[in-house]
Amino acid sequence: MLLLLACHLAFDGPLSRLRERTYDFYQFLAPRQATSNPVVIVSIDDDSLKAHGRWPWNRGLLADLVDGITQSGAAVVGLALVLPEADTSPEGIAGDKRLAAALSKNRTALAVSLGNEATVSEAEPKAGWSIVGQVPDTLPGFTGLTGSLAEFSNAAAGLGVIRTLPDPDGVLRHVPLLWLRNTPQRAQLWPSFALELLRLYAGQDGYTARMNAAGFDALRMAGAIVPLEPEGSIRLWETATDTPRLSASTILSGHGDPRLRDAIAIVDLSAVGLTQYLPTPTSPARPGAEIHADAIGQMLAGRFLAEPAHARMLERLWFLLSAVVFIGLSGVLAGRVVLGAISLALLALTPFVFGALEYSLQGALYDPLQPALATIMVAGFEGYVLYRRSEQRRSTLTRQFSQYLSPSVVQRLASSDTEAILSGEKREITILISDIRGFTTMSEQLDTQEIAKVVNHFLGIATDEPSSATAPSTSSWAMRCWPSGTHR
């Protein structure tokens, strides 16, 4: 027990990967229940490229797409695109002006990306910030920014970061909502693309972020509180319902769609070779626009996944408790294999039931697999120890009694409850003590073989059970066994 507990403390990092896979399995079995989500994805797909030419399009065509989506009733239009370079052709210059005008007259948001590379197209966050608490010095941030042309960024009502940070195994489990950028002048706080779209949808001018010693703590926006991880992220909690998708060619052909009314429209590239897919807890490859949609749905529903601060401590305490209980039961159930197996199964199953209930009811994440596996390992070791002790007792019993008893009796002793046999048994018995008259003198006169024949002949007569018809009376039998004058 102590060895397993020490290993759990020492290898917490590598074991975290196993814990994350368990949390993924929760979502695989029971995804988040779908709630009302206003997000609709407008895809620049293969049909769109076939109808309007290969990518990149003239920016005037993107302006027509933004205008068409807004005319269909969309509340917010977000372009999950970065347009850092100007089109210097005559048609391109005109297209850039048209796109800037479309971004300015509609409620739109553009994407930016943060990194440590050289800054491309400098921009400032559109949203205002109110910080509660002190920003820790150790909180990581980025120095470089890649955004669209200044005329596009200035025209858009919102700018949000679309960069993702997968876990070491490549799976995207955490969606950052807040990002830090360290500039020579000051630190900038940037919202994610999903958060910026939700701000525009709610008609808010800014955010309020609460900090603590570890980093970010919570975010308040549109009257709702969003609990944050120290890095400023939330855990991705996916649903089994796909986000509605429309082809950009449908909008550009002049056909609106009723699903766009009062919607948050995200324009993304989904044509073959142009889109980026990311592995998530429930899918091996998911488009980025759907991840933004799930993040928006979580914030609107107010349901979030979180691993409680005391989760690991509770897992270790449960392991210690279940291991001690099983060790205590093993002494009682050593001879009842079925009951022992049932007890072990119940002890191993209980944390799974508790973890599933906490996940479904509270969104709290506890790992039941590691405590259950550790309990099973303790049970296996305990069973091995009991087996070795039993074998040692049998070996000792066989070695000691094989010198005095027949092999069949030794085998019976070895296969029986040796403790009960060696402790004795109270029983009413009859003892016969007999002697052969003149045996000492006879043994001095006869050789060994003759003595053996006489003794065996006597033992045959003395131990033969006579039938009831010929059996002598007790008194005569006693006279024959105990002749006068011989009382040994």
Taking [Y]'s backbone N and O only, do any of them form a donor-acceptor pair with [X]'s side chain (distance below 3.5 Å, no angle check)?
X: Arg261; Y: Gly73; answer: no
X: Thr22; Y: Leu18; answer: yes
X: Arg107; Y: Leu200; answer: yes
X: Thr280; Y: Leu172; answer: no
X: Trp129; Y: Leu189; answer: yes
X: Lys126; Y: Asp205; answer: no
X: Asp169; Y: Val171; answer: yes
X: Glu290; Y: Thr243; answer: no
X: Asn212; Y: Gly215; answer: yes
X: Ser395; Y: Glu391; answer: no

For a quick test of reading the model, state the closest non-hydrogen atom pair linking [X] to [Y] and the distance between them.
X: Ser148; Y: Phe152; value: CB-CB, 4.1 Å
X: Ala372; Y: Phe352; value: CB-CE1, 3.6 Å
X: Ala194; Y: His292; value: CB-O, 3.8 Å
X: Arg245; Y: Ser270; value: NH1-CB, 4.0 Å
X: Gly297; Y: Thr35; value: O-OG1, 4.3 Å
X: Leu114; Y: Arg163; value: O-NH1, 2.6 Å

Rounded to the nearest 0.5 Å, what separates atom [atom1] in [X] from atom [atom2] in [Y]?
X: Thr241; Y: Asn37; atom1: OG1; atom2: CG; answer: 10.0 Å
X: His52; Y: Asp64; atom1: NE2; atom2: CG; answer: 9.0 Å
X: Trp237; Y: Thr282; atom1: CH2; atom2: OG1; answer: 13.0 Å
X: Ile162; Y: Asp268; atom1: CD1; atom2: CG; answer: 10.5 Å
X: Ser360; Y: Leu29; atom1: OG; atom2: CG; answer: 11.5 Å
X: Leu269; Y: Gln276; atom1: CG; atom2: CD; answer: 11.5 Å

For a 4.5 angstrom cut-off between non-hydrogen side-chain atoms, does [X] reach [Y]?
X: Arg173; Y: Asp24; value: yes
X: Tyr277; Y: Pro287; value: yes
X: Val112; Y: Phe193; value: no
X: Val40; Y: Asp257; value: no
X: Leu62; Y: Val66; value: no
X: Arg316; Y: Leu9; value: yes
X: Leu159; Y: Ser153; value: yes
X: Asn106; Y: Val77; value: no

Whether the [X] and [Y] side chains hold a donor-acceptor pair (N or O, under 3.5 Å, no angle test) is what I'd like checked.
X: Ser48; Y: Ser247; value: yes
X: Glu196; Y: Tyr207; value: yes
X: Thr70; Y: Asp67; value: no

### Task
Run the salt-bridge test on Glu122 and Arg181 with the 4.0 Å N-O cut-off and return the result as yes or no.
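The answer is yes: the pair qualifies as a salt bridge.
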#### Entry: Criterion side chain to side chain contact (heavy atoms under 4.5 Å, CB included) on Leu65 and Val267, from CA distance to verdict
CA-CA 9 Å; Leu65 180 60; Val267 178; 3.8 Å; yes
### Task
For the pair Phe381 and Tyr384, name the ring-plane relationship: parallel under 30°, tilted 30 to 60°, perpendicular over 60°.
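Plane angle between 30° and 60°, so tilted.
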### Task
For the residue pair Tyr26 and Tyr23, categorise the inter-ring angle as parallel (less than 30°), tilted (30 to 60°) or perpendicular (more than 60°).
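Rings of Tyr26 and Tyr23: parallel, as their planes differ by under 30°.
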#### Entry: salt bridge (charged side-chain N to carboxylate O under 4.0 Å, His left out) partners of residues 362-384, not counting sequence neighbours, each pair once
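Listed once each, the pairs would be none.
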### Task
Give the C-alpha distance, both sets of side-chain angles, the deciding distance and a yes or no for side chain to side chain contact (heavy atoms under 4.5 Å, CB included) between Leu83 and Leu99.
CA-CA 11 Å; Leu83 307 171; Leu99 178 58; 3.7 Å; yes
Side-chain donor-acceptor pairs of residues 220-229 under 3.5 Å, sequence neighbours excluded:
residue: Glu229; atom: OE1; partner: His174; partner atom: ND1; Å: 2.8
residue: Glu229; atom: OE1; partner: Ser233; partner atom: OG; Å: 2.6
residue: Glu229; atom: OE2; partner: His174; partner atom: ND1; Å: 3.1

Looking at [X], I'd like to know if its [atom1] atom is crowded, meaning that more than 12 non-hydrogen atoms belonging to other residues, nucleotides or ligands lie closer than 6.0 Å.
X: Leu2; atom1: CG; value: no
X: Met377; atom1: CE; value: no
X: Arg21; atom1: CZ; value: no
X: Glu85; atom1: CD; value: no

### Steps toward side chain to side chain contact (heavy atoms under 4.5 Å, CB included) verdict (Met299, Phe304)
CA-CA 8 Å; Met299 289 186 281; Phe304 304 96; 4.1 Å; yes
### Task
Quick one: list whatever passes ring-ring contact (aromatic ring centres under 6.0 Å, His included) with Phe354, sequence neighbours left out.
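For Phe354 the ring-ring contact (aromatic ring centres under 6.0 Å, His included) partners, ignoring immediate neighbours, are Tyr366.
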### Task
Take Arg54 and Leu49, measure what side chain to side chain contact (heavy atoms under 4.5 Å, CB included) needs, and give me the verdict at the end.
CA-CA 5 Å; Arg54 66 181 184 178; Leu49 298 185; 5.7 Å; no
### Message
Against Trp190, only a single residue in Leu195, Leu145, Leu177 fulfils side-chain contact (heavy atoms from CB on, under 4.5 Å); can you say which?
### Response
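Going through the options one by one, the only one that passes is Leu145.
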